[in-house]
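Scroll down for the structure; my scribbles are underneath it.
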Amino acid sequence: MSRLSVYRACLRWPLVLLLVGTGAALASELPSPVVATDYYDDGRPSVAKQRLGNFLFFDKVLSGNKNISCATCHHPQHFGGDGLSLPIGEGGEGLGTLRTTGSGDNAILERVGRNAPPLFNLGAKEFVHLNWQGRHQNKGTRLSLPCATKDFNACPDGLDNVLAGQNLFPMVNTPEMLGHPFENDVSTSTLRGVARFPVMWETYVTRLGEVDEYVELFRSAYPDIQSAADMKIHHVVNALAAFQTVAFRSDQSAFDRYLRGNPGALTAVQKRGMELFYGKANCASCHSGKFQTDHAFYAIAMPQAGPGAFVNGRSEKAEDIGRYEVTGKIEDRYKFRTPSLRNVALTAPYGHDGAFATLEGIVRHHLNPVESFANWDATQMVLPSRSDLDELDVFIMNDPASAERIVAANQLAAVELADTEVQDLLAFLDTLTDPTVATRLNRVIPIRVPSGLPVED
Ligand code: HEC
Ligand code: HEC
């Protein structure tokens, strides 16, 4: 279908105009096809950097207690996520939906506050806001990173891009990878206070410098490294970002083939779904562009079941305020970044807190957010060892004042679709699945890592 006919198809539903709360355009254009230059280094960072990043991504040496790697929460088997509503960080045991909250002294004290996003295409330059609330952002030439309270100068120099900047933080985040004070050399390397991150990063780099194989890998990836003494944290995260740019690049779906000029790549049903997505159903007013995201932030009355990423008094009153965390503006409360929908059929559960177990569930939420919020079934949360569910996670949903605020903040207008249209829309979302992605991701799981620590596969 040509752009023009999509446009015509949309014009058949002038009512949509009335439903668009934010004044967005009626008919959204189909995006142009993804090309290599959309990515950093044209999608081809040096092989030596990728190889180093690949090992680091799977190596538990980058966690305080050497018990969790990036891949634990962003695993190939789960297409870059973990299959859970809310991740189980360091101290947990096992992988994916079989992961437990751990046992004895090592058991986790709290869940990680938000759903682990799949990492698809984050090496594309247009992803300038990372994390659900966009905490890590690229503002033109300036990288704005929360490096330490009141001490932004603590950010390392030499970062390649915002993806590398984001990658600095999981390893110094207590429930994710760091562990608790005095449990290990990294968490103990500094006392709480200004500029503590650089000291912790240095401790990780020292660890890596003690592994001869890593020193060799760093030397071949970076001309400015002769010995362990030259290794710095920016070398670590630039390699991680190079690896993710290539491993999680995903632009070979049926929809990509269609946009590249192959009309037969989509079935009739899928094309009907596409017309809805870019027309009457209004999805593309936010899920626009090459990766189905406008990189902006909206409140869509997502049921709230996570304590959020930051301690907002992480007590029973904790709630996830989303974008407000970054801007401090009341109108940004409960706004989260429009997620990319690449491979979305593979990456359940959905939403910033994994509130919806199925794709149909989250799509139907969009059709009538306020009603869906009121009728949300908390038991669909994928939370192994869920004894804390009643006490903490759904507190916000049970609190009338919080619920009222979340509903009042909603910006997503209801859209009426017949059941058959919902099925068409789901058929279109399926066309965003890249059939090469499973094989390619499985290939990056290393058999061993240089630290000698066990690899999760
Ligand atoms: C305990 C689970 C866990 C571990 C371990 C973990 N992450 Fe994440 N990751 C998350 C969660 C949860 C988020 C979303 C955080 C938020 O929005 O506040 C996230 C966000 C991200 C993002 C931003 C994604 C986006 O779409 O904006 C990137 C990139 C990322 N992680 C990479 C890494 C790397 C690299 C490592 C290892 C150094 C790592 N993660 C370790 C859970 C984890
Ligand atoms: C007003 C902007 C807006 C519109 C319009 C919109 N979405 Fe969304 N969508 C979002 C935001 C924001 C989120 C994440 C919200 C959160 O987690 O709190 C989201 C989440 C999703 C998710 C979950 C993705 C994931 O990885 O968790 C899917 C699927 C989705 N939208 C599909 C659709 C479809 C289909 C339509 C059209 C019927 C649509 N959206 C219309 C803003 C929008």
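Computed from a predicted structure; not experimentally measured. We count ligands from 1, going down the list as the structure has it; atoms in each ligand are counted the same way.
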> Can Ser340 be said to touch ligand 1, with heavy atoms closer than 4.0 Å?
Replying inline: no
> For ligand 2, which atoms have a heavy atom of Leu359 less than 4.0 angstrom away?
Replying inline: 29 (C)
> What atoms of ligand 1 come closer than 4.0 angstrom to any heavy atom of Leu163?
Replying inline: 29 (C)
> Is it the side chain, the backbone, both or neither of Val112 that has a heavy atom closer than 4.0 Å to ligand 1?
Replying inline: side chain
>> Among Gly351, Gly322, Cys286, which one puts a heavy atom closest to atom 27 (O) of ligand 2?
In response: Gly351
> His235 pairs by ring-ring contact (aromatic ring centres under 6.0 Å, His included) with which of Tyr204, Trp201, Tyr222, Tyr214?
Replying inline: Tyr222
>> I want to know if ligand 1 touches Asn167 in the polar sense, i.e. an N/O pair below 3.5 angstrom.
In response: no
> Which is it for His352 and ligand 1 at heavy atoms under 4.0 Å: side chain, backbone, both or neither?
Replying inline: neither
>> Geometry only, no angles: is Ser69 polar-contacting ligand 1 at N/O separations under 3.5 Å?
In response: no
> Quick one: do Arg207 and Glu202 make a salt bridge, cutoff under 4.0 Å?
Replying inline: no
>> Check this for me: does any side-chain nitrogen of one of Arg99 and Asp82 sit under 4.0 Å from a carboxylate oxygen of the other?
In response: no
> Using the benzene-type ring in the case of Trp, are the ring centres of Phe373 and His365 under 6.0 Å apart?
Replying inline: no
> Does the side chain of Gln304 pick up a donor-acceptor pair with the side chain of Ser402 at under 3.5 Å?
Replying inline: no
> Among Pro118, Cys70, Pro175, which one has a heavy atom closest to atom 38 (C) of ligand 1?
Replying inline: Cys70
>> For Pro170, which part has a heavy atom under 4.0 Å from ligand 1: side chain, backbone, both, or neither?
In response: side chain
>> Within the structure, is a non-hydrogen atom of Leu62 found at a distance of less than 4.0 Å from ligand 1?
In response: no
>> Taking 4.0 Å as the limit for heavy-atom contacts, which would you say applies to Leu341 with ligand 2: side chain only, backbone only, both, or neither?
In response: side chain
> Side chain or backbone of Cys283 under 4.0 Å from ligand 2, or both, or neither, by non-hydrogen atoms?
Replying inline: both
> Does ligand 1 have any atom sitting under 4.0 Å from a heavy atom of Thr72?
Replying inline: no
> So, do Phe297 and His129 have ring centers that fall under 6.0 Å from each other?
Replying inline: yes
> Which atoms of ligand 2 sit under 4.0 Å from any heavy atom of Asn282?
Replying inline: 5 (C)
> With the threshold set at 4.0 Å, does a side-chain nitrogen-carboxylate oxygen contact exist between Arg342 and Asp434?
Replying inline: no
> Between Leu56 and ligand 1, which residue portion shows a heavy-atom distance shorter than 4.0 Å: side chain, backbone, both, or neither?
Replying inline: neither
>> Taking only non-hydrogen atoms of Asn173, do any sit less than 4.0 angstrom from ligand 1?
In response: no
> Quick check: does His287 put an N/O/S atom under 2.8 Å from atom 8 (Fe) of ligand 2?
Replying inline: yes
> Got a sec: is His74 within less than 2.8 Å of atom 8 (Fe) of ligand 1 via an N/O/S atom?
Replying inline: yes
> Where does the angle between the aromatic ring planes of His352 and Phe336 fall among parallel (under 30°), tilted (30 to 60°) and perpendicular (over 60°)?
Replying inline: parallel
>> Quick check on contacts: which atoms of ligand 1 are under 4.0 angstrom from a heavy atom of Leu130?
In response: 27 (O)
> Considering only heavy atoms of Asn115, which atoms of ligand 1 have at least one such atom less than 4.0 Å away?
Replying inline: 12 (C), 14 (C)
> Near Phe336, which atoms of ligand 2 are under 4.0 Å from a heavy atom of that residue?
Replying inline: 12 (C), 16 (C), 18 (O)
>> Less than 3.5 Å apart, any donor N or O on the side chain of Asn121 or Tyr39 sitting next to an acceptor on the other?
In response: yes
>> Once you restrict to heavy atoms under 4.0 Å, what part of Met171 touches ligand 1? Side chain, backbone, both or neither.
In response: neither
> So, Glu126 versus His295: side-chain donor-acceptor pair below 3.5 Å or not?
Replying inline: yes
>> Using a strict threshold of under 4.0 Å (side-chain N to carboxylate O), is an ion pair present between Glu325 and Arg114?
In response: yes
> For ligand 2, which atoms, with element, lie under 4.0 Å from some heavy atom of Ser285?
Replying inline: 5 (C)
> Do Asp185 and Thr203 meet the criterion of a side-chain donor-acceptor pair at a distance under 3.5 Å?
Replying inline: no
>> If the cut-off is 4.0 Å to any non-hydrogen atom of Ala281, which atoms of ligand 2 fall inside it?
In response: 37 (C), 38 (C)
> Does at least one non-hydrogen atom of Tyr334 fall below 4.0 angstrom from an atom of ligand 2?
Replying inline: no
>> Does either side chain, that of Gln270 or that of Asp430, offer a donor lying less than 3.5 Å from an acceptor on the other one?
In response: no
>> If we count only N and O atoms by modelled type, under 3.5 Å, do the side chains of Thr433 and Asn343 hold a donor and an acceptor together?
In response: no
> Which of the listed options, Pro87, Pro117, Gly81, Gly123, holds the heavy atom that is closest to atom 19 (C) of ligand 1?
Replying inline: Pro117
>> Would you say the rings of Tyr324 and Tyr334 are close, in the sense that their centroids are separated by under 6.0 Å?
In response: no
> Backbone, side chain, both or neither: what part of Asp82 comes under 4.0 angstrom of ligand 1, heavy atoms only?
Replying inline: neither
> Under 3.5 Å between some N or O of ligand 1 and some N or O of Gln244?
Replying inline: no
> Judged by non-hydrogen atoms, does Arg135 sit under 4.0 Å from ligand 1?
Replying inline: no
> Do Phe291 and Phe127 have ring centres separated by under 6.0 Å?
Replying inline: yes
> With a 4.0 Å cut-off, would you call Asp294 and Arg337 a salt bridge?
Replying inline: no
>> Between the side chains of Asp419 and Arg364, is the shortest nitrogen-to-carboxylate-oxygen separation below 4.0 Å, so that they form an ion pair?
In response: yes
> Would you call His366 a ligand 2 contact, heavy-atom distance under 4.0 Å?
Replying inline: yes
> Could an N or O of ligand 1 be found under 3.5 Å from any N or O of Arg114, whether backbone or side chain?
Replying inline: yes
